[in-house]
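Take a look at the structure below.
Atoms considered below: every heavy atom in the structure, side chains included; atoms not considered: hydrogens, waters and symmetry mates. Chain identifiers are assigned alphabetically (A, B, ...) following the order of the sequence lines, protein sequences preceding nucleic acid strands; residue numbering begins at 1 within each chain.
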Amino acid sequence: MTSPRSEFLQVVAERGFMHQCTDLEALDKRLGEGPAVAYIGFDATAQSLHVGSLMQIMLLRWWQKTGNKPIVLMGGGTTRIGDPTGKDEARKMLSDEDIARNMAGIQTVFAKYLSFGDGPTDSMMVNNADWLDQLNYISFLRDYGRHFTINRMMTFDSVKLRLEREQPLTFLEFNYMILQAYDFAELWARNKCVLQMGGSDQWGNIVNGVELGRRVHGAELFGLTSPLLTTSSGAKMGKTANGAVWLNADMLSPWDFWQYWRNTEDADVGRFLKLYTELPLAEIAKLEALQGAAINEAKKILAGEVTRLAHGEAAAAEAAETARKTFEEGALSANLPTVSVAAGDLAAGITAFALFVQAGLVTSNGEARRLIQQGGGRLNDQPIKDPAQPISSADLKDGVLKLTAGKKRHVLVRPE
RNA sequence: GGAGGGGUGGCCGAGCGGUCAAUGGCAGCAGACUGUAAAUCUGCCGGGGUAACCCUACGUUGGUUCAAAUCCAACCCCCUCCA
């Protein structure tokens with residue numbers, strides 16, 4: 001089709017959010033008729049979402065910004081099943097307490113990206129446990145199970161891949177797609193929700209929902225998926241050395257979050273600016289055209305914008321300033337991550353390798369020794385030659401010690 | 001219930017009585033080169049220890065042996081086929 005007329009779909013197309021859509025023209029037409037309701041589901045598998053989900057959150061944000069109503073669906077019910085999509089084996093069962101705790105952690109992040117309330121374009125949050133938990137098995141099978149054929153279910157990747165790899169797929173997991181389809185139909189019935197979005201791996205689950213809605217409610221529903229993002233060198237988004245890039249500040253500090261974006265590969269800068277910031281496309285075009293070292297400026301803007309959305313203006317500014325002092329001036333910034341050691345211990349002297357362990361820069365004495373022996377350990381910006389070198393109060397500068405592991409990881413140590 | 005195959009370090013995957021903390025690949029870390037990028041090259045990559053060396057580890061538990069990831073027994077789990 002030609003370029004979409006609706007503002008939402010224009011944004012989605014221009015900025016790279018579009019992977020597949022069940023019926024782009026019809027959805028465009030529907031959006032032209034007035035505000036619509038769309039949802040994205042988030043299962044409560046961890047205490048925080050990570051940047052892998054950020055594209056979905058931005059989609060909801062654009063949806064709201066372009067005059068529509070977003071629904072955030074918390075998968076309180078479906079998390080008890082476990083989505084087999086893209087997994088080689090069943091995830092361990094999460095207890096109800098874990099799920100409740102995870103949901104509480106995840107919910108907080110949405111308030112930063114969406115405005116909630118009762119207005120026509122205000123976002124709302126619902127929990128599919130509200131309807132899934134009370135389903136009656138036989139009734140459900142008769143009303144909904146008859147719309148699914150095993151023949152067709154076996155053709156979906158989530159099922160097919162497991163079977164082809166001869167990995168077990170339990171009946172519990174096999175039901176996941178049915179429940180997700182039911183969610184969509186239910187959200188149509190309750191809130192006239194007409195669109196489900198999600199990552200491309202959710203395509204099968206989404207299509208099932210579209211079809212189920214048509215069969216049981218005669219509703220015209222739509223699905224739209226975003227591409228699975230990898231970095232230019234092929235790594236999945238959101239993973240780093242120390243684990244996932246969490247969106248919650250208590251799981252990953254705004255400083256580390258800023259650093260993650262600052263270290264974006266050159267080739268990804270333009271793509272990420274379009275997806276994860278709201279800068280005008282013309283400005284992004286200029287930034288991504290920067291060559292050589294100049295593109296670092298674009299990375300700083302990327303880091304600043306993304307951090308501002310996730311953690312606020314102040315946190316973003318502080319991270320930028322800390323980075324400037326630390327990396328560009330080589331000066332000491334008081335806002336670097338800080339750990340404390342007992343003043344008495346420091347006065348007595350602590351071996352360098354032990355201090356690196358205490359500072360959390362490495363996880364074992366052996367690793368600390370290796371780091372230092374290989375020339376990757378510095379104290380107050382001076383290389384440490386001997387892992388056993390004692391460090392004491394005499395090394396304090398302005399009341400702190402600055403420890404560095406490698407080129408990028410800095411920690412301040414304060415006696416207390 | 002029967003027959004066969006399999007469970008090895010974060011992952012994949014060799015090993016099949018000693019020379020095995022266990023080949024190789026991926027991931028990760030450090031150094032060089034750079035731009036807090038990528039690619040490349042070099043080193044490292046279970047824990048403790050300056051080191052000698054010690055401890056833990058090859059599904060679980062016992063056993064054989066001077067010596068077991070490797071052999072035996074029982075058990076647990078997974079896969080395939082049959083009933």
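Straight-line distance between the C1' atoms of B/rC76 and B/rU40: roughly 48 Å, to the nearest whole Å. B/rG17 and B/rC58 have their C1' atoms separated by 15 Å, with the value rounded to a whole Å. Look at the C1' atom in both B/rG25 and B/rU64: the space between them is 36 Å, to the nearest Å. Between B/rA69 and B/rC16, the distance separating the two C1' atoms is 8 Å to the nearest Å. The separation of B/rG59 from B/rG49, taken at their C1' atoms, amounts to 31 Å, rounded to a whole angstrom. The C1' atoms of B/rA22 and B/rU42 are separated by 24 Å, rounded to the nearest whole Å. When the P atom is compared between B/rG46 and B/rA51, the two are found 15 Å apart, to the nearest whole Å. Using atom C1' as the reference point in both B/rC12 and B/rG6, the two lie 16 Å apart (nearest Å).
Under 4.0 angstrom from either OP1 or OP2 of B/rA37 there lies no side-chain N or O belonging to A/N296. One finds a side-chain N or O of A/R369 lying less than 4.0 angstrom from the OP1 or OP2 phosphate oxygen of B/rU50. At the phosphate of B/rG47, OP1 or OP2 sits under 4.0 Å from a side-chain N or O atom of A/S364. Note on A/K300: every side-chain N or O is 4.0 Å or more away from OP1 and OP2 of B/rA37.
With a 3.5 Å ceiling on both atom-pair distances, B/rC58 lacks any Watson-Crick or G-U wobble partner. Under the Watson-Crick and G-U wobble criteria, each requiring two contacts below 3.5 Å, nucleotide B/rG4 is paired to B/rC79. The partner of B/rC71, taking Watson-Crick or G-U wobble pairs whose two distances both stay under 3.5 Å, is B/rG63. Across all strands shown, B/rG43 pairs with B/rC29; the Watson-Crick or G-U wobble distances both stay below 3.5 Å.
Counting atom types as modelled, A/Q259 pairs a side-chain N or O with a base atom of B/rU36 as donor and acceptor under 3.5 Å. A/D266 contributes a side-chain N or O that forms a donor-acceptor pair with the base of B/rG35 under 3.5 Å. Checked by distance alone, A/Q374 brings no side-chain donor or acceptor within 3.5 Å of a matching partner on the base of B/rG31.
Distance, A/N365 CG to B/rG46 P: 15 Å, rounded to whole Å. Rounded to a whole Å, the CG atom of A/D256 is 18 Å from the P atom of B/rU36. We find that CD of A/E173 is positioned 14 Å from C1' of B/rC78, with the value rounded to whole Å. For A/E321 and B/rU36, the CD to P distance is 17 Å, given to the nearest whole Å. Rounded to an integer number of Å, the gap from A/F353 CZ to B/rG47 P is 13 Å. Going from atom CG of A/L169 over to atom C1' of B/rC78 covers 14 Å, rounded to whole Å. In this structure, A/F356 places its CZ atom 13 Å from C1' of B/rC29, rounding to the nearest Å. Between the CD atom of A/E265 and the P atom of B/rU40 there is a distance of 12 Å, rounded to whole Å.
A/W258 comes within 4.0 angstrom of a base, heavy atoms only. Within the 4.0 angstrom heavy-atom criterion, no nucleotide atom of any strand lies near A/Q373. Nucleic acid contact for A/A267: none, since no nucleic acid atom lies under 4.0 Å from a heavy atom of the residue. Backbone-only contact: A/T264 has heavy atoms under 4.0 Å from sugar-phosphate atoms and none from a base. Backbone-only engagement by A/R370 is indicated by non-hydrogen atom pairs under 4.0 Å involving sugar-phosphate atoms exclusively. Nucleic acid contact class of A/G366 (heavy atoms, under 4.0 Å, all strands): sugar-phosphate only.
Considering only the side chain of A/A293, B/rG35 comes nearest among B/rG35, B/rU36, B/rG47. The listed nucleotides are B/rU36, B/rG31, B/rG49; the one nearest the side chain of A/K407 is B/rG31.
Two rings, from A/W62 and A/F8, have their centers 6.0 Å or more apart. Ring centroid separation for the pair A/F116 and A/F110 does not come in under the 6.0 Å cut-off.
Of the two residues contacting RNA chain B, namely A/E328 and A/T363, the nearest-nucleotide position lying further toward the 5' end is that of A/E328. Of the residues near RNA chain B, A/R378 and A/E367, the one whose nearest nucleotide (by heavy atom distance) lies more toward the 5' end is A/R378.
If you run ring pair (Phe, Tyr, Trp, His ring centres under 6.0 Å) between A/Y182 and each of A/Y176, A/Y144, A/W188, only A/Y144 comes through.
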Can A/T264 and A/L302 be said to form a side chain to side chain contact (heavy atoms under 4.5 Å, CB included), step by step?
CA-CA 9 Å; A/T264 296; A/L302 172 67; 3.5 Å; yes
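Taking the ring axis of A/Y113 as reference, the NZ or CZ atom of A/R61 does not stay both within 45° of it and closer than 6.0 Å to the ring centre.
The aromatic rings of A/H410 and A/F327 lie perpendicular to each other, with more than 60° between the two planes, well past the 30° mark. Between A/F257 and A/W261, the two ring planes are perpendicular [angle over 60°; tilted spans 30° to 60°].
There is no side-chain donor-acceptor pair under 3.5 Å between A/W203 and A/D157.
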